[in-house]
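Shown next, in C-alpha cells, is the structure this report addresses.
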2 protein chains.
Amino acid sequence: MANIQQVASLAGVSVATVSRVVNGQLTVSPKTRIKVEQAIKKLNYEPSMLGRNLRTSESRILLVLIPTISNPFYLEIIRGIEDIAISQDYNILLCQTDSNPERENTYFNLVRKKMADGIISMDPAVNIETLVSLSENHAIIQCSEYTIDSGIPFVTIDNEGASFRAVKHLIKLGHNKIALINTDEKYLYARQRQMGYQKALEEHGISINQDYIFHTKQIGLEYGQQAMKKILNLEKRPTAVFAVSDLLAIGALKEINSLGLKVPNDIALVGFDQIDFSNMTNPTLTTIAQPMYKMGTLAAKMLINKIKGEKVESIILDHELVIREST
Amino acid sequence: MANIQQVASLAGVSVATVSRVVNGQLTVSPKTRIKVEQAIKKLNYEPSMLGRNLRTSESRILLVLIPTISNPFYLEIIRGIEDIAISQDYNILLCQTDSNPERENTYFNLVRKKMADGIISMDPAVNIETLVSLSENHAIIQCSEYTIDSGIPFVTIDNEGASFRAVKHLIKLGHNKIALINTDEKYLYARQRQMGYQKALEEHGISINQDYIFHTKQIGLEYGQQAMKKILNLEKRPTAVFAVSDLLAIGALKEINSLGLKVPNDIALVGFDQIDFSNMTNPTLTTIAQPMYKMGTLAAKMLINKIKGEKVESIILDHELVIREST
DNA sequence: AGCAAAAATGTAATCGATTACATTTACATG
DNA sequence: CATGTAAATGTAATCGATTACATTTTTGCT
C-alpha cells in the first residue's frame, strides 16, 4: 500500500501537489497532473481516509439508531438515508439498540470518540437526556419518534391525525366496538396514536372502554398475536381492531385466522406503516402509509446540514390511509 | 473537546502516561493514575479514534455486503455479526448493493481507502473477480453465498442437501408433480438448490419437467407471486411447489390464496430460510431452517481472525426441515 | 528584455493518538 | 551509603493526509 509520499517522490513533486491532484484542485498544470496520475496508477495508490479524517477532524460516518432492524418499517427510511448519505460521501453505521442501554451507550461513544459525525435516532426507547446533552456538541436529528421542546430537530408525521383517520374509517363502516393494540405509553407516538383513537371515538359519541385498550411491551408479530388472544377472550368482543403497527396487526390477524374467524366480516382490522407484508396477508391489510423513503432522505439532509453548522427546521410529513381487504 | 495534550498538561504528566492510563496499561503508579483520571474527568476527555486509527492503521470497521436489507433472512445473520463485532470493539457498516455494481464499488473503495478493515460478503451478485483480487490485500469472508476455489474462506450450509430434503419430503407425501421456483442460475446457491431438487426427483424415478422450473430475476414477494401465476396457468398443474426462499413462497402463497385454492390440499408449498413471517401466514409455511445467528457469529469471528493474520478454515453448517401446515 | 501579476509548486506545521527507546526515580541489598 | 535493578515516566518519531504560507515559475505586456 503506497502512501502519498511515495507517489510524490515517484512523480518528482511534493506531497502537496499530489494531494491537489487527488482532490481535483485546478491549480495544477496539466503536465504535472499527468505525471502524478501516472505515479498513482503505477503504485496503485489509494488515499487513506485515516490520514485525511484525522486532519479534517471528521469521520464521514453517520450513526443511525433504530430499535431493531426486524421491523420492515425502517427499511425504506434506511434506504432514503443511505441514498443521500452516499451521494454526499458519507456512510451509515446502522445501530440496533434492542432497547439495551448498554448497547446504546456503546453507540453514543462512537460519536463522542469522533468515530461518527452525527446521529439520526429513530429509537423511541432512546435515553433522551443523554441524547439532548450529546446534541450540545454533536449533530443530532430525530426521525419518526421525536421529543417536543428538546431542541433536537426532527422529521415525522402527524401520528394523532393518522390514527384519528384510521379509527374514523372504522366508525364510518359502522363499528363502535373498536379495540386498540398499542405499545407502551412511555413512547410519544404511542400516546399520540392513542389520543387520535380516543378523539375519533369521542367525536362520534362512542364512550371509551378501557378494556378495549391493550398495551404490548414491544412491537413484534408475537406481541400482536398475544394481544389479539386477549381481545378475542373479551366478553363483549369488539368488531374491529386498530393496531399501531403492521407487525402487531399481522400477528393479530394470524390469531384471528387460526381461530377460524373471518376478517373483515367477524372482525375488521387496521394496521399502521404499510410494510410490504401487509399486502401479502389474507386478507390484505388496511393501513396507514407513511412516506418512509422521503422521511429518510430528509433526515439525512437535515443531519448533513446540521453537521455543516447550518440551522435546521423540523418537518412534519403527510400520511395516507390505504384501504384494503381487512376493512 | 479536549485532546490528550491538554489532559497531560493539566495532570502534569506526559502524553505517553495519559495514553497508558487510557489504555489500561499497568506500568503507571496509582498516584499518577489518579491524577490523570481526574484530569480526564475534569476536561471531559474522550480519546479520539481518529488519531488512534491513523497511528494503528486500522479503522475498526467491518463491511457487511448484502443484496438488500429487505430480505429478513439476513436479519439474524446481521445480529450475529454485530454481537461478535461489538464484543471485539468493531463496528459494522451495513452495505446494500441492490445489485448495483456502482454502489458495490463505492463500498469496495471503503476498504481500499482503509475506512474498513475487512468485508463479509453475503451478496450472491457480488463481482467475484474484484472480490478475489481485493482478498489479496484485505481480509474477506463470504457468508451464505460463496465461491468454490476462490481462496476466500466462507461459512454456509449444504444447499443441495437441504433442497434435496425439502423435495423428498414432498415426494413422500405423495406428490410427483412438483414445481420449483428458483432464482437466477448464475448464483451458486440457485444451482445447488436446483441440483438438490433434481436429485430428489431422480432418486424416486420422477422425470424432470422443465416446464415446472421457474426462474425469478430476484428474490422478493412480488417475484414469487408472478412465478406462481405462471404455475397456476400450466396445463398439468403441479400439486406441490418448492420455492428457494420464503419470500418467494409467501408471494406464491398469496397468489394461491387469492385464487381461492387451498394449501396444502390443492397445492403444497415449501419455502427456504424460516423467516419470522413464514410462521404468520395462513397456513404456516414448511421451510428449511438455517442457523442464521450462528452463521453470523462465525463469519464475524472468521473475519476478525483473518484481520489478525490468522489462517481461517471454511465451515459448512447444518440445516433443518421445519414441517408446518403448508405440506 | 524587463517586470509585475498570476499560476504552479514546495515547505513545513498540523490533526491526536501510540510506542520504541531513553531517562529518571524508587527500592533492595550488601 | 553506594550500587544495581526494576519500576515509572518522559521524549520524540510516526501514522498519512491537508493546507497556510512561502517560494519559484510562467505569462502577458510594454
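Residue numbers start from 1 in every chain, and the chains themselves are labelled A, B, ... in the order their sequence lines are given, proteins ahead of strands. Remember, predicted model here, so these are calculated numbers, not experimental data.
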Quiz prompt | B/Glu145 to B/Met122 - nearest heavy-atom pair and separation | solution = CB-O, 4.5 Å
Quiz item: Touch check for A/Val18, heavy atoms < 4.0 angstrom, all strands: base, sugar-phosphate only, or nothing?
Solution: nothing
Self-check item: Side chain of A/Ser29 - closest among C/dG10, C/dA8, D/dT11
Solution: C/dA8
Quiz prompt | Over 12 non-hydrogen atoms of neighbours within 6.0 angstrom of CG in A/Asp276 | solution = no
Practice problem: Consider only side-chain N and O atoms of A/Tyr74 and A/Ser144, and report whether a donor and an acceptor are under 3.5 Å apart. | Solution: no
Quiz item: By side-chain hydrogen bond (donor to acceptor under 3.5 Å, both in side chains), which residues pair with A/Tyr90, not counting sequence neighbours?
Solution: A/Arg60
Quiz prompt | Axis bend over the full length of the helix from C/dA1-D/dT30 to C/dG30-D/dC1, computed from five pairs that close each end, to 10 degrees | solution = 40°
Quiz item: Once you round to the nearest 0.5 Å, how far does CD1 of A/Ile120 lie from CG of A/Leu303?
Solution: 5.0 Å
Quiz item: Can you name the closest pair of heavy atoms from A/Ser59 and B/Leu50 and give their distance?
Solution: CB-CD1, 4.3 Å
Quiz prompt | Options D/dG16, C/dT11, C/dT19, nucleotide nearest the side-chain atoms of A/Ser14 | solution = C/dT11
Quiz item: Expressed in angstrom and rounded to an integer, what is the separation of A/Asn3 atom CG from D/dT14 atom C1'?
Solution: 12 Å
Quiz item: Please give, in whole Å, the distance from C/dA12 C1' to A/Ile4 CD1?
Solution: 14 Å
Practice problem: Give, for atom CD1 of A/Ile81 and atom OG1 of A/Thr297, the distance between the pair rounded to the nearest 0.5 Å. | Solution: 9.0 Å
Exercise. May I have the distance from A/Gln5 (atom CD) to C/dA12 (atom C1'), rounded to whole angstrom?
Key: 12 Å
Quiz item: Within this structure, what is the CD-to-C1' distance between A/Gln25 and C/dA8, rounded to whole angstrom?
Solution: 12 Å
Quiz item: Is B/Asp117 salt-bridged to B/Lys306, cutoff N-O under 4.0 Å?
Solution: no
Practice problem: Can you tell me the distance, in whole Å, between the CG atom of B/Leu26 and the P atom of D/dA8? | Solution: 9 Å
Exercise. Starting from C1' on C/dT19, measure out to CZ on B/Arg20 and report it in whole angstrom.
Key: 8 Å
Quiz item: For A/Lys113 and C/dA17, what is the distance between atoms NZ and P respectively, to the nearest whole Å?
Solution: 11 Å
Quiz item: At under 4.0 Å between heavy atoms, what does B/Val22 touch on the DNA or RNA strands: base, sugar-phosphate, or nothing?
Solution: nothing
Quiz prompt | Close approaches to DNA chain C from residues 31-60 of chain A, in residue order (heavy atom, under 4.0 Å) | solution = A/Thr32, A/Leu54, A/Arg55
Quiz prompt | Which nucleotide in D/dT19, C/dT9, D/dT9 has an atom nearest any side-chain atom of A/Ser19 | solution = D/dT19
Quiz prompt | Ion pair A/Arg79/A/Glu76, N-O distance below 4.0 Å | solution = yes
